[in-house]
Amino acid sequence: MLYSEKVMDHFTHPRNLGKMDDADGVGEVGNAKCGDIMKIYIKVENDIITDVKFNTFGCGSAIASSSMATEMIKGKPISEALELSNKAVVEALDGLPAHKLHCSVLAEEAVRAAVKDYYDKNNIPYDPAQFQENCAACHEGQCHCD
């Protein structure tokens with residue numbers, strides 16, 4: 001079987017799906033090569049992500065990665081959300097096919113983009129290095145960043 005039961009479950013029953021009109025931070029990322037677009041919305045109180053929603057236009061792996069990423073950061077401090085890695089998303093989904101690993105990279109980047117947006121909107125200082133993208137190959141689906 002190409003996809004794990006967890007991937008299929010998060011694809012057919014996505015968690016935290018939807019739009020958040022009063023979001024404290026919004027991150028939108030996309031991959032022009034495959035056409036996947038992810039948008040993650042976060043609500044933050046006392047440095048804790050109290051609510052999170054996502055909208056993803058893309059394949060089953062992109063939707064499952066978005067769903068799992070939102071589950072992994074909900075209720076967590078922002079500092080933990082920033083540590084979310086594509087590798088952790090893949091592990092939580094019990095794996096993704098190699099040619100779909102870029103979907104987990106997009107999920108990681110969308111979370112970071114939402115946090116950066118929150119910081120920017122609230123004039124919260126941060127280290128720009130925290131928000132540097134992975135390598136260019138990630139966006140081509142060729143990289144397996146550690």
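FYI, the numbering just counts along the sequence from 1. Because the structure is a prediction, the values reported are computed rather than measured.
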*Asks:* Please give me the minimum heavy-atom distance between Glu28 and Ala113, naming the atom from each residue.
*Replies:*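 Distance-wise, the nearest heavy atoms are N-CB, 4.3 Å.
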
*Asks:* Going hydrophobic residue to hydrophobic residue with side-chain gaps under 4.5 angstrom, can you get from Tyr126 over to Val115?
*Replies:*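 Same cluster.
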
*Asks:* Is the closest basic N to carboxylate O distance between Arg15 and Asp9 below 4.0 Å?
*Replies:* yes

*Asks:* Search all heavy atoms of Ala64 against all heavy atoms of Phe11 and return the closest pair with its distance.
*Replies:* CB-N, 4.2 Å

*Asks:* Determine, using the 4.5 Å side-chain heavy-atom cutoff (strictly less than), whether Leu17 and Ile37 are members of one ILVMFWY cluster.
*Replies:*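 Result: no, two separate clusters.
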
*Asks:* Hey, do the aromatic rings of Tyr41 and Phe54 have their centres closer than 6.0 Å?
*Replies:*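 No, the ring of Tyr41 stays outside the 6.0 Å limit from the ring of Phe54, centre to centre.
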
*Asks:* Less than 4.0 angstrom from a charged side-chain N to a carboxylate O is my criterion; do Asp51 and Lys74 meet it?
*Replies:*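 Salt bridge present between Asp51 and Lys74.
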
*Asks:* Can you name the nearest heavy-atom pair linking Lys100 to Cys59, along with the distance?
*Replies:* NZ-SG, 3.5 Å

*Asks:* For the pair Glu91 and Lys87, find out whether any cationic side-chain nitrogen is under 4.0 Å from an anionic carboxylate oxygen.
*Replies:* no

*Asks:* Is Phe57 close to Asp36 at the side-chain level, that is, under 4.5 Å between some pair of heavy atoms?
*Replies:*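 They are not in contact (no side-chain heavy atoms under 4.5 Å apart), so the answer is no.
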
*Asks:* Would a 4.5 Å heavy-atom cut-off, applied to side chains only, mark Glu71 and His10 as touching?
*Replies:*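 Sidechains of His10 and Glu71: in contact.
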
*Asks:* Quick check: closest heavy atoms across Ala81 and Ile49, and the distance to 0.1 Å?
*Replies:*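 Ala81 and Ile49 have their closest heavy atoms at CB-CD1, 3.5 Å.
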
*Asks:* Find the distance between NZ (Lys43) and OG1 (Thr50) and round it off to the nearest 0.5 Å.
*Replies:* 7.0 Å

*Asks:* Okay, side chain of Ser104, backbone of Ser65: is any donor-acceptor separation there less than 3.5 Å?
*Replies:* no

*Asks:* State, yes or no, whether a side-chain contact exists between Pro14 and Ser66 at a heavy-atom distance under 4.5 Å.
*Replies:*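 A side-chain contact under 4.5 Å is absent here.
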
*Asks:* For the residue pair Phe131 and Tyr119, does the interplanar ring angle fall in the parallel (under 30°), tilted (30 to 60°) or perpendicular (over 60°) class?
*Replies:*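 Ring orientation of Phe131 relative to Tyr119: perpendicular.
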
*Asks:* Atom CE of Met68 and atom CG of Leu96: how far apart are they, to the nearest 0.5 Å?
*Replies:* 10.0 Å

*Asks:* Strictly by modelled atom types, are Thr70 and Asn16 linked by a side-chain donor-acceptor pair under 3.5 Å?
*Replies:*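 There is such a pair (donor and acceptor under 3.5 Å, judged by atom type) between the side chains of Thr70 and Asn16.
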
*Asks:* Give me the one residue out of Leu106, Val89, Val29, Ile73 that meets side-chain contact (heavy atoms from CB on, under 4.5 Å) with Val111.
*Replies:*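 With Val111 as partner, Leu106, Val89, Val29, Ile73 yield a single side-chain contact (heavy atoms from CB on, under 4.5 Å), made by Ile73.
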
*Asks:* Quick check: do Ile48 and Pro77 have side-chain heavy atoms less than 4.5 Å from each other?
*Replies:* yes

*Asks:* Please find the pair of heavy atoms, one from Ala88 and one from Met72, that lie closest to each other, and give the distance.
*Replies:* O-CE, 3.7 Å

*Asks:* Honestly curious: do Met20 and Ile40 fall in one hydrophobic cluster under the side-chain, below-4.5 Å linking rule?
*Replies:*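 Different hydrophobic clusters.
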
*Asks:* I want to check something: taking the side chain as every heavy atom from C-beta on, are Asn55 and Lys53 in contact at a cut-off of under 4.5 Å?
*Replies:*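 No. Closest side-chain heavy atoms not under 4.5 Å.
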
*Asks:* Answer with yes or no whether the hydrophobic clustering places Ile42 together with Val26; edges join I, L, V, M, F, W, Y residues whose side-chain heavy atoms lie under 4.5 Å apart.
*Replies:*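 Ile42 and Val26: separate clusters.
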
*Asks:* Taking it one step at a time, do Asp94 and Glu5 satisfy side-chain contact (heavy atoms from CB on, under 4.5 Å)?
*Replies:* CA-CA 8 Å; Asp94 292 337; Glu5 284 184 33; over 6 Å; no

*Asks:* Mind checking the CE-NE2 spacing from Met8 to His13? Nearest 0.5 Å is all I need.
*Replies:* 10.0 Å

*Asks:* So, do Asn122 and Val44 sit near enough that their side-chain heavy atoms are less than 4.5 Å apart?
*Replies:* no

*Asks:* Considering only heavy atoms from C-beta outward, does the side chain of Leu82 approach that of Gln130 to under 4.5 Å?
*Replies:* yes

*Asks:* Kindly give the heavy-atom pair with the smallest separation between Leu84 and Ala69, and that separation in Å.
*Replies:* CD2-CB, 3.9 Å

